[in-house]
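No experiment lies behind these values; they were computed from the predicted model shown. No hydrogens, no waters, no symmetry mates; every other heavy atom, side chains included, goes into these values.
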Amino acid sequence: MKNIRVLFVAGALVLASAHTVHGATSAEIRFAKGSIAEKISAVRESAQGGDGALCAHALDFALDAHGVLGADSDLELLVKTAVEGLLQTGMNRDVSARLVNVFKLFPSEPVRSAAIDCFLRSPSAASVSLLNGYVAEQMQAANKDDAVLKKAVSALGVIGNSASFNVLFVADIGDMWPGQSAALQSAYGMLSHLAEGSILEILSKVPMRQKLRILRSVEQNAAIPQKIKGAVAENALAESILSVKDVLAQEKEQVELQLDSLRLLADYSWTRAAGTVGSYFPIARAEYESGVISPEQFAEVIYNYAALSSSESGQLLSSYLDVLNKDMEEHHAPDQPVVLAVINALGDLGDKTAFEYLLSVPHLGYPESVRTAAKTALAKLKW
C-alpha cells in the first residue's frame with residue numbers, strides 16, 4: 001500500500017511539472033519565462049511533439065519584438081525555428097497572415113525561404129500577392145537573382161494567378177535575370193492557361209525585337225497550350241505586317257518575326273489565320289524581289305502559305321507561276337527553289353486553275369527537275 005502511495009505522489013509531481021493549474025505545458029512556461037535562446041528550445045520541443053500553437057505564438061512575439069530589436073540574429077533564429085515548426089505541424093489561415101508579415105520584416109534568406117515553403121503548403125491570396133510584389137520589386141530595382149528570388153519564382157508557378165504570369169513573363173522577355181530564364185519559363189508556362197489575353201496584350205505593346213522574343217519563348221515552352229501558341233503566332237504576323245510601308249526600311253527582327261510566325265502557323269495548321277497569311281504573301285514577294293529575304297526563305301513562305309490553303313491560294317500561286325513562266329520566256333530564269341516551291345505547292349493544293357500554267361512549264365527550257373515537278377503536279381490536280 002505504501003509503494004502505491006509513493007508511485008501516486010511521484011506521478012502527481014510529474015504532471016505538476018508538466019502543467020500549471022492553467023494547463024500550460026512546460027514548453028509554454030519556458031517560452032514565457034525564458035531568454036530568446038530558451039524560447040527557441042521551447043518552440044523546437046513543442047513542434048517535435050506535433051503542437052504548432054507555440055510556433056504561432058513565437059511569430060507573434062517576434063513580430064512585436066522586431067519593433068524594438070530590429071534585425072536581431074537571435075530573433076531571426078527564433079522566427080526560422082517557428083516557421084520550420086509550422087511546416088511540421090500544419091498551418092491555418094491566421095498563421096498564413098502572420099507569415100506574410102514575417103516575410104516582409106525578416107529579410108534573411110533562411111527565414112524567407114522557410115516562409116515560402118509554408119506558402120506552398122497553405123497558399124492564400126495574400127501570400128500570392130506578396131510573392132508577386134516581391135518579384136516585381138526585385139525586377140524594378142534591377143536586383144540580382146538569389147536563392148529567395150529563385151524560390152519565389154518556382155512557388156508562383158505552383159500557386160500563382162494571372163498577375164503572377166504577367167510578372168514572370170515580363171521578367172523573362174525583359175531578360176532581367178538570364179540565369180533564371182529556365183525557371184521563369186517553367187513557372188509562367190504552368191500559369192499560361194490563365195493568361196492568353198495577357199500574352200496578346202503584352203505582345204501588342206512591346207517593340208519588334210521583344211515581339212520576336214515573345215514568339216520564340218512561347219513556341220519553345222512545352223507547358224503552353226497550342227491554342228495559345230497559335231493565337232500568339234497569328235497576332236505576331238498581323239502586327240509585323242501592319243506597319244510595313246517600305247519593305248527595305250524594315251528592321252531585321254520584323255522580317256524574322258514574319259517568317260517565324262508563318263512557319264508556326266503552318267506547323268499548327270492554324271487555318272484561322274488564312275486571311276492574315278494572304279495579306280502577308282504580297283509583302284513577302286516584294287521582300288524577295290528586293291533582296292530582303294533569300295530565294296530559300298521565300299520558297300518556305302510559299303510552302304507555308306499553301307499549307308494554310310484558302311479559296312484564293314490556288315489562284316494566287318497560279319498567277320505567280322504565270323509571272324515566272326513569262327520571265328523564263330524572256331530569258332530571266334527564276335530562282336529554282338522558288339519556281340519548284342510554286343509548282344509543288346500547286347500540286348499539293350490540287351486546284352485545277354493551275355492546269356494551263358503547269359502545262360506550259362515543260363516547254364519553256366526549265367531544268368529537268370522543274371519539268372518533272374510540273375508533270376507530277378499536273379497529275380495531282382482535282383477535276
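Remark: side-chain polar atoms of S41 are not paired, donor with acceptor, to backbone N or O of E38 under 3.5 angstrom. Without hydrogens or angle criteria, Q250 side chain to V247 main chain gives a donor-acceptor distance under 3.5 Å. For Q297 (side chain) and S294 (main-chain N/O), a donor-acceptor pair under 3.5 Å exists by modelled atom type. The closest donor-acceptor contact from the side chain of T81 to the backbone of L77 lies under 3.5 Å. Looking only at distances, no side-chain donor or acceptor of S46 sits under 3.5 Å from a matching main-chain atom of A42. The closest donor-acceptor contact from the side chain of D172 to the backbone of L168 lies at 3.5 Å or more, if one exists at all. Not a single donor-acceptor pair under 3.5 Å links the side chain of D335 to the backbone N or O of P337. Checked by atom type and distance alone, the side chain of Q258 pairs as donor or acceptor with a backbone atom of S240 at under 3.5 Å. A donor-acceptor pair under 3.5 Å is formed between the side chain of H66 and the backbone N or O of L105. At distances below 3.5 Å, at least one donor-acceptor pair connects side-chain atoms of N344 with backbone N or O atoms of L340.
A salt bridge links K205 with E201: at least one charged nitrogen is closer than 4.0 Å to a carboxylate oxygen. A salt bridge does not link D146 with K150: every distance from a Lys NZ or Arg NE/NH1/NH2 to an Asp or Glu carboxylate oxygen is 4.0 Å or more. Taking 4.0 Å as the cut-off between side-chain N and carboxylate O, E368 and R371 count as a salt-bridged pair.
Between atom CE of residue M208 and atom CD of residue E256 there is a gap of 12.0 Å, rounded to the nearest 0.5 Å. Here the CG atom belonging to L78 is positioned 10.0 Å from the CZ atom belonging to R44, to the nearest 0.5 angstrom. Separating the CG atom in D145 from the CG atom in L184 is a distance of 9.0 Å, to the nearest 0.5 Å. Considering NZ of K211 and OG of S261, their distance stands at 10.5 Å, rounded to 0.5 Å. In this structure, CD1 in I224 is found 11.0 Å from CD in E196, a value given to the nearest 0.5 Å. In this structure, the separation between CD1 on I202 and CD1 on I173 is 6.0 Å, given to the nearest 0.5 Å.
Between the side chains of N132 and N161, a donor-acceptor pair is found at a separation under 3.5 Å. S369 and Q336 share a side-chain donor-acceptor pair at under 3.5 Å. In this model, no donor atom of one side chain and acceptor atom of the other lie less than 3.5 Å apart for S122 and S96. Side chains of S360 and N325: no donor on one and acceptor on the other come within 3.5 Å. For the residue pair S127/S124, the side-chain donor-acceptor check at 3.5 Å is satisfied.
At least one side-chain heavy atom of L86 sits under 4.5 Å from a side-chain heavy atom of L59. Here the side chains of D51 and T89 are not in contact, with every heavy-atom distance at 4.5 Å or above. E28 places a side-chain heavy atom less than 4.5 Å from the side chain of L54. With contacts defined as side-chain heavy-atom distances shorter than 4.5 Å, the pair Q220/R216 qualifies. Put simply, the side chain of T25 does not reach to within 4.5 Å of the side chain of F31, judged on heavy atoms. Within the 4.5 Å cutoff, no side-chain heavy atoms of N304 are placed close to those of L265. At a threshold of 4.5 Å between non-hydrogen side-chain atoms, the residues E219 and R263 count as touching. With contacts defined as side-chain heavy-atom distances shorter than 4.5 Å, the pair M176/S181 does not qualify.
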- Query: Are N221 and Q185 close enough, and set up right, to give a side chain to side chain donor-acceptor pair (under 3.5 Å), and what steps lead you there?
  - Reply: CA-CA 7 Å; N221 197 313; Q185 289 169 15; 5.3 Å; no

- Query: Going through the distances and angles, do E76 and K80 end up as a salt bridge (Lys or Arg N to Asp or Glu O under 4.0 Å)?
  - Reply: CA-CA 6 Å; E76 285 193 349; K80 178 177 178 291; over 6 Å; no

- Given R285 and E289, is the salt bridge (Lys or Arg N to Asp or Glu O under 4.0 Å) satisfied, shown in steps? CA-CA 6 Å; R285 178 181 167 183; E289 291 172 352; 2.9 Å; yes

- Query: So V232 and L264, side chain to side chain contact (heavy atoms under 4.5 Å, CB included) or not? Walk me through it.
  - Reply: CA-CA 10 Å; V232 170; L264 291 177; over 6 Å; no

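Taken together through direct or relayed side-chain contacts under 4.5 Å among Ile, Leu, Val, Met, Phe, Trp and Tyr, M190 and F169 form parts of separate hydrophobic clusters. V43 and L87 fall into different hydrophobic clusters, where Ile, Leu, Val, Met, Phe, Trp and Tyr residues are linked whenever their side-chain heavy atoms come under 4.5 Å apart, directly or through other members. L242 and I214 are assigned to two separate hydrophobic clusters, defined by single-linkage of ILVMFWY side chains at heavy-atom distances under 4.5 Å. Neither F281 nor Y303 shares a network with the other; the hydrophobic side chains, linked directly or stepwise wherever heavy atoms of I, L, V, M, F, W or Y lie under 4.5 Å apart, form separate groups for each.
For residues 355-383, the pairs satisfying ring-ring contact (aromatic ring centres under 6.0 Å, His included) are F355-W383, with sequence neighbours left out. Residue pairs that meet the ring-ring contact (aromatic ring centres under 6.0 Å, His included) test with at least one member in residues 117-160, sequence neighbours left out, are F103-Y134.
Every residue meeting the side-chain contact (heavy atoms from CB on, under 4.5 Å) condition with E45, not counting sequence neighbours, appears here in chain and number order: S26, A27, R30.
Stacking of K39 on the aromatic ring of F61 is recorded, both the 6.0 Å distance cut-off and the 45° axial limit being met.
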